[in-house]
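Comments concern the structure below.
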Number of protein chains: 2
Amino acid sequence: MVLGQDTIVVNGAGQRQNAVTAGQSVPAASMNSARNGKSNATIYDVAMVAGVNPSTVSRALSKSGRVSARTQKLIEAAATGLNFHANPFARALHTGRTNTFGLIVADLTSPASFDIIRGAGITATVRNYTLALAGSADSTVTELIAARRMMATVDGLILASPCMDDDDIRTLARDKPVVVINREVDGVPCVVPDESKGIREAVRSLAANGHTKVAFVAGPPQSPMSIRRWEAVQASCEFSRLDAVRLDSSRPTVDGGRQVAQDVRASGVTAVLTSNDLLAFGLMQELQAAGMVVPDEISIVGFDDIFGAGFTTPPLTTVRSPREECGSGAATLLLDLLHGTALSSGVPTIVTELVQRGSSGRVSARKMSPARCRRHEIEAELRRRA
Amino acid sequence: MVLGQDTIVVNGAGQRQNAVTAGQSVPAASMNSARNGKSNATIYDVAMVAGVNPSTVSRALSKSGRVSARTQKLIEAAATGLNFHANPFARALHTGRTNTFGLIVADLTSPASFDIIRGAGITATVRNYTLALAGSADSTVTELIAARRMMATVDGLILASPCMDDDDIRTLARDKPVVVINREVDGVPCVVPDESKGIREAVRSLAANGHTKVAFVAGPPQSPMSIRRWEAVQASCEFSRLDAVRLDSSRPTVDGGRQVAQDVRASGVTAVLTSNDLLAFGLMQELQAAGMVVPDEISIVGFDDIFGAGFTTPPLTTVRSPREECGSGAATLLLDLLHGTALSSGVPTIVTELVQRGSSGRVSARKMSPARCRRHEIEAELRRRA
DNA sequence: TTGTAGGCGTTATCAG
DNA sequence: CTGATAACGCCTACAA
């Protein structure tokens with residue numbers, strides 16, 4: 001009696017087996033009667049229809065071979081006829097695999113995150129994976145909670161610009177494959193673009209245009225990405241013999257950019273690089289609102305080349321960071337890791353480049369005429385109201 | 001022997017029960033020895049440590065009550081000590097619930113999708129759900145495949161601007177709760193903003209500024225959203241006694257907007273509404289590149305108010321559609337449906353409004369001076385290179 | 001090649 | 001309130 005019900009089912013299968021296979025061709029309509037309505041067909045149903053044992057169905061459908069061609073075909077026909085789809089939980093319970101990977105981005109609110117999401121999402125679809133998404137709102141605890149929740153249900157995890165400790169990341173990575181974007185963590189595969197190249201180009205261009213002192217507007221001071229970029233800026237400036245000062249913003253957003261405008265003016269620089277485009281947007285708005293002309297009086301160079309960078313006035317010069325590539329690259333890497341097909345090359349090389357637009361250019365001390373100044377004020381006001 | 005192993009395990013629990021509870025306090029270190037390293041603790045382990053039956057652990061931990069306070073505390077201590085986390089697959093296998101819901105957006109590439117994703121994502125996190133995301137690349141088959149894949153692993157599904165048939169949607173909805181965004185489907189809960197209000201405001205503003213003939217640039221002709229918006233435009237124009245012509249774009253993107261510029265000029269209108277902001281961006285660029293002045297010679301009104309709409313020159317007048325609200329509203333609705341706590345109000349009312357910026361205004365036949373024309377050409381060229 | 005007999009970790013339904 | 005036990009659907013030694 002212990003396995004009574006199971007036995008009954010199997011017997012049932014045995015009985016129907018002949019009835020069905022006798023006809024050989026199996027009209028879909030008759031199949032539905034076996035399991036009409038609600039719950040999905042199981043391998044037991046398929047086995048019943050195909051007249052074989054459930055385990056044979058499992059073998060046939062999980063492509064592990066070891067099934068005769070005839071049986072295979074029979075089972076496949078029955079499966080499609082019943083519209084059978086293996087229950088992923090039952091499978092996961094046994095195999096631990098879900099065909100799902102997670103992506104946690106630092107800020108679900110930033111357009112920069114979106115590019116990463118897109119890259120990872122497209123790759124997921126292409127590789128027949130499901131993408132689980134979460135944002136950490138730039139909070140370490142939220143991020144950890146999200147990561148842990150995900151770890152239970154995914155095959156692997158991508159952390160984009162994470163704010164948690166290196167050790168936390170490594171702990172996660174011990175459990176399941178983890179790929180980090182935009183940050184280097186020892187012992188964990190990372191996809192981080194080579195930002196020095198783009199920054200070098202930017203600084204060189206500024207130097208060539210006669211600038212001698214530039215400011216770097218950092219994001220949150222503890223952000224590894226911001227730190228990395230600032231160091232690269234310093235190095236490039238040193239090489240090009242430019243003075244570089246660092247200004248901290250309250251937040252790495254458009255508003256943060258607006259707020260840092262005063263500091264920028266006070267610093268007396270003729271050019272400013274920002275740690276991301278959002279900051280540049282806000283900074284440029286505020287500077288223009290104050291009557292300054294970009295790039296005549298001050299050059300602005302952003303970072304990332306997010307959507308919209310080409311639409312500002314003037315269009316924003318920026319260091320393009322191929323974030324979509326980062327997303328898809330990380331996803332590809334993770335999936336390869338998962339399938340044991342990781343290329344020897346490992347982490348793909350992703351390179352940044354300067355996108356020269358209108359917001360940066362030659363130093364010119366040209367003062368604005370009163371009329372022009374007035375016009376700019378009006379424009380700025382309009383823009384602010386927008 | 002049939003259930004031999006089970007019996008052994010249970011006996012094992014019984015044996016250890018005394019040994020452990022004798023000490024009362026249970027040092028974490030000693031617990032680890034029970035299940036060190038790899039695989040996670042199970043309710044059997046917890047039961048063993050707490051000295052109770054696994055089913056009691058299940059009851060205690062799934063908050064279904066019916067457990068004495070003392071036992072509850074004992075079990076919780078054991079669980080945290082062992083760092084126990086219920087295996088979601090095993091749970092799902094039995095309950096069918098995963099605390100995950102799916103979101104399928106029409107186009108992972110569009111900034112408009114992002115707002116929806118953000119809204120849904122934030123709501124998911126807040127309600128302790130995992131969000132599974134997929135894009136359909138505006139393809140019916142891709143969308144259906146994604147939907148089916150998801151259906152197997154989620155508790156419910158949100159379809160944002162889906163392109164599949166109403167019937168397909170209803171079929172999905174028979175299986176699990178489905179909420180549709182941006183489209184009305186009979187018998188399925190839908191979150192669709194009231195676009196007529198915003199459009200009415202836009203048309204009225206155009207009429208008040210002396211325009212008499214406007215064009216509407218549609219997205220893909222079969223897109224329900226585009227159709228709905230065109231109908232609303234027609235209705236409003238009729239009311240305001242404006243002529244309205246419809247122009248079709250190849251694709252609802254910036255490029256599509258550029259390509260439709262010629263048709264717009266040929267149509268001889270003085271104002272144009274586009275089915276989304278992307279189209280407006282491209283259209284404005286192209287028109288300006290051809291030397292036209294916005295809004296002096298032509299007014300442009302977009303739709304959605306996506307990120308970046310405030311950064312163009314002139315800033316884009318647009319009908320704001322609160323897409324993030326749609327995303328969070330749909331998620332909230334879905335989750336409430338899932339928990340049987342759906343409000344009687346049902347679908348939240350979401351309303352659009354005109355955001356008046358610089359790209360629309362009074363009709364003026366003012367011709368450009370040659371110098372001004374030249375300047376605009378240069379600016380447009382710069383913008384294009386950007 | 002195919003069938004048998006568990007087991008994966010939980011929940012739910014019974015008895016007690 | 002607690003314990004025993006049968007599902008849930010699939011996978012996989014092992015046996016035949």
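To find a chain, count down the sequence lines: A is the first, B the second, and so on, and within it residues start at 1. Hydrogens, waters and symmetry mates play no part in the numbers below; they use all other heavy atoms, side chains included.
A/R148 and A/D168 are not joined by a salt bridge, as no carboxylate oxygen comes within less than 4.0 angstrom of a charged side-chain nitrogen.
With rounding to whole Å, B/L93 atom CG is found 13 Å from D/dA6 atom C1'. For the pair B/M48 CE and D/dG3 P, the interatomic distance rounds to 14 Å; values are reported in whole Å. The nearest whole Å value for the distance from the CD1 atom in A/I75 to the C1' atom in C/dT1 is 11 Å. Separating the CD atom of A/Q72 from the P atom of C/dT1 is a distance of 11 Å, rounded to the nearest angstrom. The distance between atom CG of A/N53 and atom C1' of C/dG3, rounded to the nearest whole Å, is 5 Å.
Classification of the A/F89-B/F89 ring pair by plane angle, with boundaries at 30° and 60°, yields parallel.
For the 3.5 Å distance criterion, the side chains of B/T71 and B/S68 qualify, holding a donor opposite an acceptor. Looking only at atom types and distance, the side chain of B/R149 has a donor-acceptor partner in the side chain of A/N128 under 3.5 Å away.
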Name each donor-acceptor pair under 3.5 Å that joins a side chain in residues 158-167 of chain B to protein atoms two or more places apart or in another chain, with its distance.
residue	atom	partner	partner atom	Å
B/D166	OD1	B/R183	NH2	2.6
B/D167	OD1	B/R170	NH2	3.0

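Using a 4.5 Å heavy-atom cutoff, the side chains of A/V46 and A/E76 are not in contact. Within the 4.5 Å cutoff, no side-chain heavy atoms of B/L338 are placed close to those of B/K176. Put simply, the side chain of A/V180 reaches to within 4.5 Å of the side chain of A/V178, judged on heavy atoms.
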*For nucleotides 10-16 of chain C, read 5' to 3', which letter fits each nucleotide if B means a protein heavy atom sits under 4.0 Å from the base, S means only the sugar-phosphate is that close, and - means neither?*
BBB----
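At its two ends the helix from C/dT1-D/dA16 to C/dG16-D/dC1 runs along axes set 40° apart, each axis drawn from five pairs and the angle rounded to 10°.
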